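In what follows, a structure is listed as structure tokens, so that the remarks can point back to it.
When reading the values below, keep in mind they use all heavy atoms of this one structure, side chains included, and skip hydrogens, waters and symmetry mates. Since the model is a prediction, treat every value here as computed from it, not as a measurement. Residue numbers start from 1 in every chain, and the chains themselves are labelled A, B, ... in the order their sequence lines are given, proteins ahead of strands.
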Amino acid sequence: MKYDFTRIEKKWQDNWEVTKPYAAITGDPRPKFYGLIEFPYPSGQGLHVGHPRPFTAMDIVCRKRRMQGFNVLYPIGFDAFGLPTENYAIKNHIHPAVVTKNNIKTFTEQLKMLGYGFDWDRCVDTTDPKYYKWTQWIFLKFFENDMAYKTTMPVNWCTGCKCVLANEEVVDGVCERCGSPVVQKEKSQWMLRITKYAQRLIDDLDDLDYINRVKIQQRNWIGRSEGVEVDFKVNTGDTMTVFTTRADTLFGVSYMVLSPEQPFLDKWKDQIQNWDAVDAYRKEAARKSDFERGELNKEKTGVRLEGITVTNPANGETIPVFVSDYVLMGYGTGCVMGVPGHDQRDWDFATKFGLPIIEVVAGGDVTKEAYVAKEDGIMINSGFMNGMTVKEAIPAMKDYAEEHGFGKRKVNYKLRDWVFTRQRYWGEPIPLVNCEKCGWVPIPESELPLELPMVESYELTDDGESPLSKMTDWVNTTCPKCGGPAKRETDTMPNWAGSCVYYVRYLDPHNDKEFASKEAMEYWMPVDWYNGGMEHTTLHLLYSRFWYKFLYDIGVVPTKEPYQKRTSHGMILGEGGEKMSKSRGNVVNPNDIVAQYGADTLRLHIMFIGDFEKAVSWSNEAVKGSKRFLDRVWNLGERCTDDENISPEHEALIHKTIKKVSEDIDELKMNTAIAAMMTLVNDFTSKGCTKGDLEVLLKLLSPFVPHIVEELWEMKGFAEKYGKMCMQMDWPSYDESKLVEDSVEMAVQVAGKLKGTVVVPMDSDQDTVMAEAQKLEKVQRSMEGMEIVKVIFKQNKILNLILKPKK
RNA sequence: GCCGCCAUGGUGGAAUGGCAGACACCGUGGACUUAAAAUCCACUGGGAGCGAUCCCGUGCCGGUUCAAGUCCGGCUGGCGGCACCA
């Protein structure tokens with residue numbers, strides 16, 4: 001009989017839909033395992049061939065855990081608010097809610113087509129009011145605990161569309177839609193105080209099992225640095241405070257720089273003699289993004305503030321002040337001390353403006369470039385620090401500054417508070433009203449969810465406000481506190497809001513009294529293993545850790561951290577290694593692969609294709625190899641003997657394969673697990689196999705290709721024999737004693753060059769191996785006229801002879 | 001620019017510091033077939049040689065080591081992120 005994957009896959013998917021073998025049971029006495037993948041954004045293009053990579057890998061892990069006796073939760077949902085849907089809706093005049101509903105339907109069908117073991121009864125959709133009720137509830141908790149506050153922040157403003165743009169919509173400084181210039185405009189925004197959690201977000205990484213590069217990226221993003229805030233007296237009578245980690249270079253300061261947004265500039269308007277030039281520079285800088293401003297290789301620009309000087313508190317010298325856009329307002333105080341001798345950006349700036357370059361650490365040539373001094377550099381031209389090493393000088397100057405009252409120690413973080421509002425329609429409404437008398441007032445919890453009104457017009461407004469602001473009957477309301485007239489907040493939450501705690505909602509998705517029951521959270525949390533893209537490391541992953549920690553602090557969730565383990569997958573690229581994109585026309589649709597080869601082949605191939613952590617390019621040709629493998633497995637089902645025992649000739653390889661596959665799945669090395677199974681199948685195909693051999697193979701294959709396995713399992717009578725599906729059987733175990741081979745092939749080298757191999761009994765000693773090695777013709781030839789100086793012998797591995805000519 | 005990561009045959013990739021190229025794809029030759037597809041068998045890193053065999057080979061330059069794809073230093077190229085894409 002032919003391997004009719006279409007019929008088989010349909011048959012088993014229909015079966016699973018009814019028998020629900022993937023249902024997770026809260027409170028079950030078996031050990032629990034919570035496997036999580038990042039829930040997809042349901043885009044209009046449907047599932048992309050990149051999606052199945054992480055989904056299949058975690059599916060395999062979860063299926064193996066089930067066979068190992070775990071109560072497994074592997075849930076799925078949709079992160080459905082967001083910009084692309086809204087823009088699609090505007091362009092095609094279809095309401096975003098309708099677009100979302102259709103997209104989710106397509107995604108659901110496609111995911112089911114791939115046979116994933118998701119517990120579909122727990123599916124969540126972030127745009128469902130029953131879901132975002134809890135996002136809003138959490139926002140109210142932030143608000144109550146003074147973790148949310150309003151401030152003005154610059155936003156991208158399209159001068160053509162008259163609306164706020166996302167960074168992604170700004171291409172080379174112009175709007176991607178209309179091509180008009182984009183400028184920075186101040187806008188009032190809700191912020192979340194993630195910075196309050198900066199230290200804990202760093203410290204608590206230590207106890208987590210995240211891959212190292214994720215930890216490093218998060219630590220660097222939070223960017224803790226220990227330094228000093230130094231006060232410089234300004235001739236206007238003000239005090240200018242700068243943060244520096246290099247207090248040791250204070251004697252090398254030859255100028256100061258302010259960020260164009262620094263409030264001092266407006267304050268000093270009357271004292272700055274060249275105000276027009278300064279103001280023009282400031283306006284020019286407002287057009288640029290932080291990213292453009294930060295580029296090191298670009299030419300430094302700036303304007304001197306004529307009439308303004310400051311005094312260096314270390315040596316009393318008077319130094320000039322500039323405004324320049326390489327200083328950002330967002331980090332530190334927006335004021336920077338210029339040390340051109342020892343910082344390349346400062347050196348470039350000083351060189352351009354003809355400022356003195358003072359060498360304070362010996363060892364470089366500051367007339368040619370900045371000398372970035374190391375810890376053991378020796379201080380010069382630095383008063384009391386002369387002769388100290390940099391390492392000694394840093395704390396010495398910190399002490400000196402504190403003693404003399406012009407500085408104090410300070411820990412700074414690069415992490416910034418989180419801008420939590422968007423002037424958009426397709427997001428969760430913020431459950432606050434603004435009352436003239438009472439200010440910002442939360443709506444009562446009993447009124448949650450505050451539903452997003454189903455409006456006709458969700459187009460962007462031309463005043464930069466959210467589309468909701470035009471809905472006056474929705475906006476105008478009464479104050480829950482005083483009953484007076486009030487207006488609703490019309491901005492919405494960013495897409496990130498929905499993804500911060502979705503993994504908690506999965507635990508108890510139909511609960512309308514609580515976010516999730518205590519029982520469910522205590523049973524399931526933390527997530528045992530969360531796999532997702534590296535691109536989410538510093539935003540989603542950090543944001544969600546922050547939300548979860550806050551919920552822990554207010555007693556809502558039971559653990560300090562949401563995810564115990566984090567791994568990351570590489571991208572699937574198009575043929576030729578290019579990113580898959582519509583414009584390149586190289587997007588592979590999983591439906592096509594499934595139609596041509598079946599879901600099992602797609603699952604197998606996407607795992608076989610390469611190292612899970614690395615980017616890999618898709619090849620339509622290569623899929624055939626995976627299909628051929630499944631054809632061979634199918635044929636074994638027809639050809640194996642009726643003997644229910646494991647055949648002695650395959651026993652060693654079977655045990656070796658069980659070990660390899662078991663270990664590789666836990667390390668996400670699915671490609672080598674599959675290669676090992678291919679080797680086993682090749683052996684079975686060439687030598688023949690028993691029904692007993694096949695039984696083990698089917699169990700090993702079950703997590704990878706569940707449909708074909710269940711079909712063969714049933715066909716060969718195992719289903720009847722055991723009364724279970726293969727996926728419900730125990731995971732096969734291997735016997736260490738069966739793995740030990742009685743002989744081993746060892747490499748023989750002369751002076752590190754391979755001369756041949758010898759087969760010797762396992763654990764042979766050096767003399768035995770030496771005796772065998774000297775029988776090799778090539779070894780004998782190499783040794784002619786030579787004597788052995790040294791022998792390197794590693795048991796069961798290698799024998800290396802170091803020779804020299806005989807005298 | 002800053003932070004992180006990566007680089008191995010024609011291709012995807014494999015290799016606790018110890019026989020580079022497992023397992024596949026492509027290709028070549030053969031079997032089967034009226035023929036093709038499918039399947040099966042053999043070969044398949046580069047170079048020299050009839051051959052035994054020899055030389056070269058893991059992005060580039062240097063180092064450590066008996067031994068380096070693997071460790072260290074310096075480059076080059078590519079990828080991810082840079083806070084309003086998800």
Side-chain angles (χ1 to χ4, degrees), chain A residues 38 40-41 43 79 81-84 153 155-156 164-170 189 194 212-214 216-221 223 290-298 326 330 344-345 414-424 494-496 499 533-540 542-543 568 570-571 573 575-577 579 605 608-611 613-626 628-629 631-632 635 669 671-672 674-679 682 685-686 745-757 777-778 789-792 794 796-802:
Chain A
E38 286 165 346
Y41 176 75
S43 69
D79 186 14
F81 275 129
L83 200 60
M153 290 294 289
V155 293
N156 300 308
V164 177
L165 298 182
N167 288 347
E168 194 183 58
E169 297 171 297
V170 183
Q189 306 272 19
I194 189 171
N212 209 28
R213 58 197 163 119
V214 168
I216 295 169
Q217 284 270 88
Q218 287 209 345
R219 285 198 192 100
N220 290 348
W221 179 260
D290 284 3
F291 181 60
E292 289 171 284
R293 286 168 47 172
E295 284 197 51
L296 187 64
N297 57 356
K298 71 158 192 172
Y326 79 94
Q344 192 58 42
R345 283 173 308 178
K414 283 206 190 86
L415 185 69
R416 309 204 289 258
D417 275 340
W418 176 7
V419 184
F420 200 67
T421 32
R422 302 290 182 269
Q423 291 69 47
R424 289 280 180 166
N495 63 286
W496 310 103
S499 60
M534 263 330 271
E535 70 275 21
H536 293 118
T537 302
T538 51
L539 298 179
H540 160 66
L542 200 66
Y543 288 154
S568 213
M571 274 210 303
L573 305 171
E575 306 216 19
K579 217 175 188 174
H605 189 67
F608 182 61
I609 196 167
D611 184 337
E613 290 207 337
K614 291 184 198 153
V616 68
S617 38
W618 178 265
S619 155
N620 276 328
E621 274 302 297
V623 185
K624 286 183 198 162
S626 298
R628 279 181 201 147
F629 170 70
D631 284 334
R632 279 199 284 271
N635 291 338
K669 289 161 78 174
N671 53 336
T672 49
I674 293 165
M677 290 190 284
M678 285 175 168
T679 305
N682 289 345
T685 303
S686 60
E745 191 182 32
M746 284 180 64
V748 177
Q749 298 180 336
V750 172
K753 291 217 169 194
L754 185 70
K755 293 296 170 188
T757 58
E777 196 197 329
K778 280 197 200 174
V789 186
K790 192 172 173 186
V791 179
I792 287 111
K794 296 274 166 175
N796 302 331
K797 293 274 187 209
I798 202 157
L799 179 74
N800 187 8
L801 306 176
I802 312 302

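OP1 or OP2 of B:C26 sits under 4.0 Å from a side-chain N or O of A:R628. Phosphate contact (OP1/OP2 of B:A83, side-chain N/O of A:K414, threshold under 4.0 Å): absent. Taking only side-chain nitrogens and oxygens, A:N800 never comes nearer than 4.0 Å to OP1 or OP2 of B:A67. At the phosphate of B:C5, neither OP1 nor OP2 sits under 4.0 Å from any side-chain N or O atom of A:R213. Contact check, A:N682 against B:A24: a side-chain N or O comes under 4.0 Å of OP1 or OP2. Using a 4.0 Å cut-off, no side-chain N or O of A:K797 falls inside it from OP1 or OP2 of B:U16.
Base pairing of B:C82: its partner is B:G1, meeting the Watson-Crick or G-U wobble criterion (both donor-acceptor distances under 3.5 Å). Using N1 to N3 plus N6-O4 or O6-N4 for Watson-Crick, or N1-O2 and O6-N3 for G-U wobble, each under 3.5 Å, B:A68 pairs with nothing. Judged by Watson-Crick or G-U wobble contacts below 3.5 Å, the nucleotide B:G10 has B:C25 as its partner. Under the Watson-Crick or G-U wobble criterion, with both distances below 3.5 Å, B:C54 is paired with B:G47.
Side-chain atoms of A:H605 and A:F629, non-hydrogen and from C-beta on, never get closer than 4.5 Å to each other.
Going from atom CG of A:L754 over to atom P of B:A68 covers 13 Å, rounded to whole Å. Atom CD1 of A:I798 is separated from atom C1' of B:A67 by 7 Å (rounded to the nearest Å). For the pair A:L542 CG and B:C3 P, the interatomic distance rounds to 18 Å; values are reported in whole Å. In this structure, A:Q217 places its CD atom 8 Å from C1' of B:C5, rounding to the nearest Å. In this structure, CD1 of A:I609 is placed 11 Å from C1' of B:U11, rounded to the nearest angstrom. Atom pair A:D611:CG and B:U58:C1' shows a separation of 16 Å (rounding to whole Å applied). The distance between atom CZ of A:R416 and atom C1' of B:C84, rounded to the nearest whole Å, is 12 Å. What separates CG of A:N635 from P of B:C40 is a distance of 8 Å, to the nearest Å.
Residue-level contact check: A:D631 touches neither bases nor backbone, having no heavy atom under 4.0 Å from any strand. Within the nucleic acid shown, A:E38 has no heavy atom closer than 4.0 Å to any nucleic acid atom. Nucleic acid contact class of A:V155 (heavy atoms, under 4.0 Å, all strands): base. Residue A:V164 is classed as a base contact, given a heavy-atom separation below 4.0 Å to a base. As judged by a 4.0 angstrom heavy-atom cut-off over every strand, A:K794 is placed among the base-contacting residues. No engagement by A:I674 is indicated, since no non-hydrogen atom pair under 4.0 Å with the nucleic acid exists. Within 4.0 Å (heavy atoms only), A:L83 reaches sugar-phosphate atoms of the nucleic acid but no base atom. Within the 4.0 angstrom heavy-atom criterion, no nucleotide atom of any strand lies near A:F629. Nucleic acid contact class of A:T538 (heavy atoms, under 4.0 Å, all strands): sugar-phosphate only. Using a 4.0 Å heavy-atom criterion, one finds that A:H540 contacts no nucleic acid atom at all. Among the protein residues, A:R632 comes within range of the sugar-phosphate backbone only, with heavy atoms under 4.0 Å from sugar or phosphate atoms but none that close to a base. In this structure, A:E777 reaches neither bases nor backbone, as no heavy-atom distance under 4.0 Å exists between it and the strands shown. Residue contacts for A:T421: at a heavy-atom cut-off of 4.0 Å it reaches a base atom on one of the strands shown.
Relative to the side chain of A:F608, the nucleotides B:C23, B:C84, B:G13 differ in distance, and B:C23 lies closest. For A:E535, the listed nucleotide lying nearest its side chain is B:G81; candidates were B:G81, B:A83, B:A15. Out of B:A14, B:C84, B:A24, the shortest distance to the side chain of A:M678 is found at B:A24. Listed nucleotides B:A14, B:C84, B:A15 differ in distance to A:Y543; the shortest reach to its side chain belongs to B:C84. The side chain of A:S617 sits closest to B:G12 out of B:A14, B:G12, B:A83. The side chain of A:K624 lies closest to B:C26 when the candidates are B:C84, B:G4, B:C26. Listed nucleotides B:C82, B:C66, B:C85 differ in distance to A:L539; the shortest reach to its side chain belongs to B:C82. Listed nucleotides: B:G81, B:G13, B:C23. Nearest to the side chain of A:W221: B:G81.
For A:T757 (side chain) and A:E745 (main-chain N/O), no donor-acceptor pair under 3.5 Å exists by modelled atom type. The closest donor-acceptor contact from the side chain of A:N800 to the backbone of A:I792 lies at 3.5 Å or more, if one exists at all. The main-chain N or O of A:I194 is found under 3.5 Å from a side-chain atom of A:D417 such that the two form a donor-acceptor pair. Counting only distance, with no hydrogens or angles, the side chain of A:S626 and the backbone of A:A622 share no donor-acceptor pair below 3.5 Å.
Base orientation for B:G9: syn, the chi torsion being within 90° of 0.
Residue-to-nucleotide contacts include a donor-acceptor pair under 3.5 Å from the side chain of A:E745 to the base of B:C19.
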Test log, rule side chain to side chain donor-acceptor pair (under 3.5 Å), inputs A:Q217 and A:T538
CA-CA 7 Å; A:Q217 284 270 88; A:T538 51; 5.9 Å; no

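Classification of the A:W418-A:Y543 ring pair by plane angle, with boundaries at 30° and 60°, yields parallel.
With P as the reference atom, B:C3 and B:C75 are 13 Å apart, rounded to whole Å. Taking the C1' atoms as reference points, B:C54 lies 40 Å from B:U39, given to the whole Å. Here, B:C23 and B:G73 have their C1' atoms 36 Å apart, quoted to the whole Å. Spacing of C1' atoms, B:G18 relative to B:G78, comes out at 31 Å, to the nearest Å. The same atom, C1', is picked in B:A15 and in B:U58; the two are 11 Å apart, to the nearest Å. Taking the P atoms as reference points, B:C85 lies 23 Å from B:G4, given to the whole Å. Atom name C1', nucleotides B:G17 and B:C66: the rounded distance is 12 Å, in whole Å. As rounded to the nearest Å, B:G13 and B:G69 have C1' atoms that lie 13 Å from one another.
Closest-nucleotide positions on RNA chain B for A:K753 and A:T685 were compared, and the one nearer the 5' end corresponds to A:T685. Place A:T679 and A:M534 on RNA chain B by their nearest nucleotides, and A:T679 ends up nearer the 5' end.
Side-chain atoms of A:N671 and A:D611 include no donor-acceptor pair closer than 3.5 Å. Between A:H536 and A:E38, the side chains place a donor N or O and an acceptor N or O closer than 3.5 Å (distance only, hydrogens not considered).
Atom CG of A:N156 is separated from atom CD of A:E169 by 9.0 Å, given to the nearest 0.5 angstrom.
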